[in-house]
Amino acid sequence: MKQNRFKRQARDALDWYDANARDLPWRVGPSARAAGLRPDPYRVWLSEVMLQQTTVATVRPRFAAFVSRWPSVGALAAAAEDDVFGEWAGLGYYARARNLHRCAKVVASDLNGVFPDTEEKLLALPGVGPYTAAAIAAIAFDARAIVIDGNIERVAARLFAIDRPVRVAKADIRERLDRIWPNDRCGDFAQSLMDLGATICTPRKPSCPICPLNDHCLAAAGDDPARYPTKPAKPVRPDRAGAAWALFDGRDRVLLVRRPPKGLLGGMMALPSAGWSDHDDAPPAAAQWKDAGSIEHVFTHFRLTLTVHAGAAPKGMRLREGEVWADAASAAVPTVMRKAIDRAIAHRDSRNSPSPA
DNA sequence: TAATCGTGGTC
DNA sequence: TGACCAAGATT
């Protein structure tokens with residue numbers, strides 16, 4: 001297929017994409033794409049939100065679970081917020097789950113269930129920032145939007161040999177990308193650069209010899225393509241410590257409370273805990289607390305050592321406001337809380353049936 | 001603007 | 001083992 005309407009960089013990337021695009025559940029296949037079929041905006045939006053700072057491998061099964069349970073934006077909008085949080089548990093960045101549900105409600109109620117087809121309107125939706133707005137516009141609607149994610153930023157920094165840190169070179173990168181960006185197949189071009197970044201133009205040890213953009217790449221012409229993009233040094237991660245209390249009833253259930261709607265683990269169910277975030281819970285009432293050991297967890301900006309206390313609920317105990325009993329082994333909670341609950345369960349079981357040393 | 005916000009995989 | 005990294009948004 002001749003594609004003379006494209007600049008050479010775009011033509012080469014698109015040709016490569018036509019032969020090598022990753023098969024992903026939120027995309028349409030090559031034959032459907034050739035027939036002019038576009039992907040479902042709902043699925044594009046959902047995948048883009050899930051993929052924010054999250055790997056394809058992690059998203060794949062979660063995306064399948066979401067679209068199976070909620071096949072349309074209307075279905076998602078009609079869901080209970082708690083069910084959305086439950087499906088999101090373990091995915092991280094929990095503000096995304098809240099904004100996802102808010103966005104679904106806006107689209108379903110105010111926009112008749114139809115996603116906007118322009119960057120500007122998409123940008124107004126909750127949880128949709130500059131990247132996601134451009135990605136949806138380009139991929140779902142083939143609008144001419146310049147899509148810049150971490151992959152494309154890296155590919156561009158190498159293609160144009162941009163020496164300054166990407167933080168300060170953002171406008172320059174956008175300008176240079178604009179010059180080679182096609183006027184149609186914008187979504188495919190964006191995804192071609194993302195696939196290139198994920199499979200060939202990787203952060204470490206890029207496979208320049210097999211790259212379709214090798215002939216155009218200023219970094220590849222130099223002696224160390226991997227030195228682009230330049231990144232500032234990361235700040236050190238401080239240590240924090242706290243306590244969590246796992247109160248069990250007699251039937252393998254554990255007491256959970258809901259975290260405040262904003263901030264760390266916002267809106268998610270969790271063990272009562274204190275001392276490590278800006279929110280402290282009071283310890284529940286137990287006849288006696290036993291030290292169940294501790295767990296470690298690494299967040300984006302600190303490391304946490306959480307001391308876990310395990311106890312049994314007093315007979316006839318009544319739940320206070322916001323407290324619930326949940327099956328300890330299967331409760332939908334953030335990973336740090338899953339570790340803590342598992343630690344408490346292990347402690348309880350080791351006490352009940354000591355294993356041989 | 002810079003800080004905040006999770007988690008799992010890789011080398 | 002620890003540092004880096006992944007289809008960023010919000011305030």
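In what follows, every heavy atom counts, from backbone to side chain, and hydrogens, waters and symmetry copies are set aside. Every chain is numbered from 1 and lettered A, B, ... according to where its sequence line falls, protein lines coming before strand lines. Note that the structure is a prediction, hence the values are computed from the model and not measured.
Heavy atoms of other residues, nucleotides or ligands lying less than 6.0 angstrom from CG of A:N112 number 12 at most. Counting non-hydrogen atoms of other residues, nucleotides and ligands closer than 6.0 Å to CZ of A:R251 gives a total of 12 or fewer.
Of the candidates B:dA2, B:dG6, C:dC5, B:dA2 carries the atom nearest the A:R167 side chain, counting heavy atoms from C-beta on. Listed candidates were B:dC5, B:dC11, C:dA7. Nearest to the side chain of A:R204 is B:dC11. Each of B:dG6, C:dT11, C:dA7 was ranked by its minimum atom distance to the side chain of A:L24; first place goes to C:dA7. Relative to the side chain of A:V56, the nucleotides B:dT7, C:dG8, C:dA7 differ in distance, and C:dA7 lies closest. Taking the side chain of A:K234 as heavy atoms from C-beta on, and the options C:dC5, B:dG6, C:dA3, the nearest nucleotide is C:dC5. Considering only side-chain atoms of A:Q53, the nucleotide from C:dG8, B:dC5, C:dA7 that sits closest is C:dG8. Among C:dA6, B:dT7, C:dA7, the nucleotide with an atom closest to any side-chain atom of A:Y94 is B:dT7. Each of C:dA9, B:dG6, B:dT10 was ranked by its minimum atom distance to the side chain of A:Y131; first place goes to C:dA9. Here the side chain of A:T300 is nearest to one of C:dG8, C:dA7, B:dG6, namely B:dG6. Side-chain atoms of A:F299 lie closest to B:dG6 of the nucleotides C:dA3, C:dG8, B:dG6.
Residue A:T54 places no side-chain atom within donor-acceptor reach of the base of B:dG8, judged by atom type and a 3.5 Å distance cut-off alone.
The separation between A:L91 atom CG and B:dG8 atom C1' is 11 Å, rounded to whole Å. Note: CG (A:D278) to C1' (B:dC5) measures 12 Å, nearest angstrom. A straight line from CG of A:L264 to P of B:dA3 spans 17 Å, rounded to a whole angstrom. Whole-Å rounding puts the A:F63 CZ to C:dA7 P distance at 17 Å. Look at CG on A:D149: it is 9 Å from C1' on C:dA6, rounded to the nearest Å. Rounded to whole Å, atom P of B:dC5 lies 13 Å from atom NZ of A:K262. The CD atom of A:E153 sits 13 Å away from the C1' atom of C:dA6 (whole-angstrom rounding). To the nearest angstrom, P of B:dG6 lies 16 Å from CE of A:M50.
Phosphate proximity of B:dC5 to A:H301: present, with a side-chain N or O under 4.0 Å from OP1 or OP2. Taking side-chain N and O atoms only, A:R259 has no distance below 4.0 Å to OP1 or OP2 of B:dC5. At the phosphate of C:dC5, neither OP1 nor OP2 sits under 4.0 Å from any side-chain N or O atom of A:R154. In this structure, A:T335 reaches the B:dG8 phosphate: one of its side-chain N or O atoms is under 4.0 Å from OP1 or OP2. Contact annotation: A:H297 side-chain N/O to B:dG6 OP1/OP2 distance is not under 4.0 Å.
A:R22 comes within 4.0 angstrom of a nucleotide base, judged by non-hydrogen atoms across all strands. Using a 4.0 Å heavy-atom cutoff across all strands shown, A:G90 reaches sugar-phosphate atoms only and no base atom. Looking at heavy-atom distances under 4.0 Å, A:S47 makes no contact with the nucleic acid at all. Residue-level contact check: A:V59 touches neither bases nor backbone, having no heavy atom under 4.0 Å from any strand. Nucleic acid contact class of A:W88 (heavy atoms, under 4.0 Å, all strands): none. Residue contacts shown for A:V128 are limited to sugar-phosphate atoms, with no base heavy atom under 4.0 Å away.
Both A:M194 and A:P126 sit near DNA chain C, but only A:M194 has its closest nucleotide nearer the 5' end. Each of A:L123 and A:R237 was assigned the nucleotide of DNA chain C with the nearest heavy atom; the assignment lying further toward the 5' end belongs to A:R237. Taking for each of A:L265 and A:A57 the nucleotide of DNA chain B with the nearest heavy atom, the 5'-most of the two is the partner of A:L265.
With both ends at atom P, the span from B:dC11 to C:dA7 equals 15 Å, rounded to whole Å. A gap of 15 Å separates the C1' atoms of B:dG6 and C:dC4, to the nearest Å.
Using a 4.5 Å heavy-atom threshold, the side chains of A:S72 and A:R43 count as separate.
A:H297 and A:F299 have their aromatic ring centers within a separation under 6.0 angstrom.
Using modelled atom types and a 3.5 Å distance limit, the side chains of A:H347 and A:K290 yield no donor-acceptor pair. Checked by atom type, the side-chain pair A:T54/A:R96 shows a donor-acceptor distance below 3.5 Å. Side-chain contact annotation: A:N99 with A:R102, donor-acceptor N/O pair under 3.5 Å present. Side-chain contact of A:Q52 with A:Y131: a donor-acceptor pair under 3.5 Å is absent, judged by distance alone.
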